[in-house]
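Everything numeric here is computed off the predicted structure, so don't read it as measured data. Letters A, B, ... mirror the listed sequences (proteins, then strands); counts begin at 1.
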Number of protein chains: 2
Amino acid sequence: MTVTVENTHAPTSLNLTPSRRAVLDIVKSAGRPMKAYDILSKLQEVIKHAKPPTVYRALDYLVTNHVLHRVNNQNAFMHCQQHVECSKQQEERVSILFSCQLCGAVIENANHSLTAIIKQMTGSLGFKSDADMVECSGVCQDCR
Amino acid sequence: MTVTVENTHAPTSLNLTPSRRAVLDIVKSAGRPMKAYDILSKLQEVIKHAKPPTVYRALDYLVTNHVLHRVNNQNAFMHCQQHVECSKQQEERVSILFSCQLCGAVIENANHSLTAIIKQMTGSLGFKSDADMVECSGVCQDCR
DNA sequence: TGCATTTAGATATAATATAACATACAATAG
DNA sequence: CTATTGTATGTTATATTATATCTAAATGCA
Ligand SMILES: [Zn+2]
Ligand SMILES: [Zn+2]
Ligand SMILES: [Zn+2]
Ligand SMILES: [Zn+2]
């Protein structure tokens, strides 16, 4: 099955097999980052024989294709929030994940200034940023 | 024992007990991020009865006091590279860790533009960045 | 059809991190 | 000094996160 998804980070087509689709639906509908083994529990309601590799393989695929993001400071996975209108000029931009240490909520954001400064820093260091994503932890508005 | 360490991120004094001191020395002398269980192996050469909690407790302390940083995208720990001259105006700055996915090397860096843009973004989102640290993964100069 | 490639199933285990409880040690107030 | 409190450590066990490996099925294509 091939499906088109509007997503700044994503390619235009995905091979969404049943287990990938199910994992994507689970994470997307959660609306917040989910842990791999919580995803597994949900997945087993639909695919009984699902095992850790089932989940991690699907997550690898979806993260590689930028449909999901890995939130490193939580060991969790979230749906990409950048479903965008104006995706044309944004292919080269850097996004940032603001991750709340208290409630786990993540806000994905981006802007041109951030992109510019990161590009400038990586350039002067000879560093190639392949992730186009940075992470920042803290405390969100609701938790303050 | 109380010791003074020159470090942008660090407080002026630390309670470096033997196990904390040993963990710090191990990570510092590695010159690159180390995994907790690799630290444990080294530590056991000095403190035979060291166990995982020995290492994790020391790491917690040293990370909390900004002598070490946790590199989330590697599950590793590195010595702070910002031992600074000009620490006066830099208390509020944001640092960034550029982490190479191939060799694991990390470059810690900071500048005022980055600090400004992160502060602006967090401010407009009502997000309180407590870490003053962001992470960016990619490929370093040597690995290209 | 035959062959290569990708995806998935299944079992086991590796790697990372913490819980819980007991003990020792250090600072200080009475 | 000694009781009390807070901090740090020892020890055992276990929780959490992630991958290796081998087999088999499904898919795409010559
Ligand atoms: Zn995204
Ligand atoms: Zn929050
Ligand atoms: Zn630092
Ligand atoms: Zn490298």
Side-chain angles (χ1 to χ4, degrees), chain A residues 1-3 11 13-27 30 33-65 67-78 99 101 104 135 137, chain B residues 1-3 11 13-27 30 33-65 67-78 99 101 104 135 137:
Chain A
M1 190 201 312
T2 292
V3 144
S13 89
L14 287 174
N15 177 18
L16 287 183
T17 62
S19 58
R20 290 170 182 169
R21 173 102 228 174
V23 167
L24 174 55
D25 287 346
I26 288 165
V27 176
M34 287 191 74
K35 301 278 206 167
Y37 278 71
D38 293 335
I39 297 168
L40 177 57
S41 296
K42 282 282 185 190
L43 184 62
Q44 285 170 333
E45 296 173 5
V46 177
I47 302 176
K48 275 193 184 162
H49 59 259
K51 299 281 186 313
T54 315
V55 167
Y56 281 103
R57 284 166 177 163
L59 289 172
D60 282 351
Y61 180 86
L62 295 166
V63 168
T64 296
N65 288 283
V67 182
L68 299 185
H69 298 306
R70 194 194 152 106
V71 185
N72 285 312
N73 59 30
Q74 295 186 29
N75 288 346
F77 302 84
M78 63 177 278
S99 171
Q101 292 177 335
E135 269 187 48
S137 69
Chain B
M1 191 201 310
T2 292
V3 144
S13 89
L14 286 174
N15 176 17
L16 286 185
T17 61
S19 58
R20 289 171 183 170
R21 173 103 227 175
V23 167
L24 174 55
D25 287 346
I26 288 166
V27 176
M34 287 191 74
K35 299 278 204 168
Y37 278 70
D38 293 334
I39 297 168
L40 177 57
S41 296
K42 284 280 185 192
L43 185 62
Q44 286 170 333
E45 296 173 7
V46 178
I47 302 176
K48 276 194 182 159
H49 59 260
K51 298 281 186 312
T54 316
V55 166
Y56 281 104
R57 283 165 177 164
L59 289 171
D60 282 350
Y61 180 85
L62 295 166
V63 168
T64 297
N65 288 282
V67 182
L68 299 185
H69 298 306
R70 194 195 152 106
V71 185
N72 284 312
N73 59 31
Q74 294 185 31
N75 287 348
F77 302 85
M78 62 176 281
S99 172
Q101 291 178 336
E135 269 187 48
S137 69

Review item, side-chain donor-acceptor pairs of residues 35-46 of chain A, under 3.5 Å, at least two apart:
from, atom 1, to, atom 2, distance (Å)
A:K35, NZ, A:Q74, O, 2.9
A:S41, OG, A:Y37, O, 3.1
A:Q44, NE2, A:A50, O, 2.9

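- For A:N15 and C:dT7, the shortest distance from a side-chain N or O to OP1 or OP2 is below 4.0 Å.
- Toward the 5′ end of DNA chain C lies the nearest nucleotide of B:Q74, the other residue of the pair B:Q74 and B:R57 mapping further downstream.
- Rounded to an integer number of Å, the gap from A:L62 CG to C:dT7 C1' is 14 Å.
- Side-chain to base pairing of B:Y37 with C:dA14: no donor and acceptor N or O lie closer than 3.5 Å to each other.
- B:L68 contributes atom CG, which lies 4.5 Å from atom CG of B:L62 (distance to the nearest 0.5 angstrom).
- With sequence neighbours left out, B:R20 forms a side chain to side chain contact (heavy atoms under 4.5 Å, CB included) with B:N15, B:L16, B:T17, B:A58, B:Y61.
- Side-chain N/O atoms of B:Y56 include none lying less than 4.0 angstrom from OP1 or OP2 on C:dT18.
- Distance check: A:S19 OG to A:L24 CG gives 11.5 Å after rounding to the nearest 0.5 Å.
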| task | Would you check, one step at a time, whether the test side chain to side chain donor-acceptor pair (under 3.5 Å) holds for B:R70 with A:N73? | result | CA-CA 9 Å; B:R70 194 195 152 106; A:N73 59 30; over 6 Å; no
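- For DNA chain D, the outermost nucleotides in 5' to 3' order that have an atom under 4.0 Å from a heavy atom of chain B are D:dA8 to D:dT12.
- For the pair B:R20 CZ and C:dC25 P, the computed distance is 16 Å after rounding to whole Å.
- The stretch residues 46-54 of chain B touches DNA chain C through B:P52, B:P53, each having a heavy atom under 4.0 angstrom from the strand.
- With a 4.5 Å cut-off on side-chain heavy atoms, B:H49 and B:I47 count as touching.
- A:V67 is listed as a side-chain neighbour of A:L14, based on a closest heavy-atom distance under 4.5 Å.
- Residues passing the side chain to side chain contact (heavy atoms under 4.5 Å, CB included) test with A:P18: none are found, sequence neighbours excluded.
- When the P atom of C:dT18 is taken as reference, atom CG of B:N75 falls 10 Å away, rounded to whole Å.
- For the helix from C:dT1-D:dA30 to C:dG30-D:dC1, the rotation axes defined at the first and last 5 base pairs enclose an angle of 20°, given to the nearest 10°.
- We find the CZ-CG distance between A:F77 and A:L59 to be 4.5 Å, quoted to the nearest 0.5 Å.
- Separation of atoms OG (A:S99) and CG (A:N72) is listed at 10.0 Å; rounding is to 0.5 Å.
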| field | Residue pair B:E135, B:V71: steps toward the side-chain contact (heavy atoms from CB on, under 4.5 Å) verdict | value | CA-CA 8 Å; B:E135 269 187 48; B:V71 185; 4.3 Å; yes
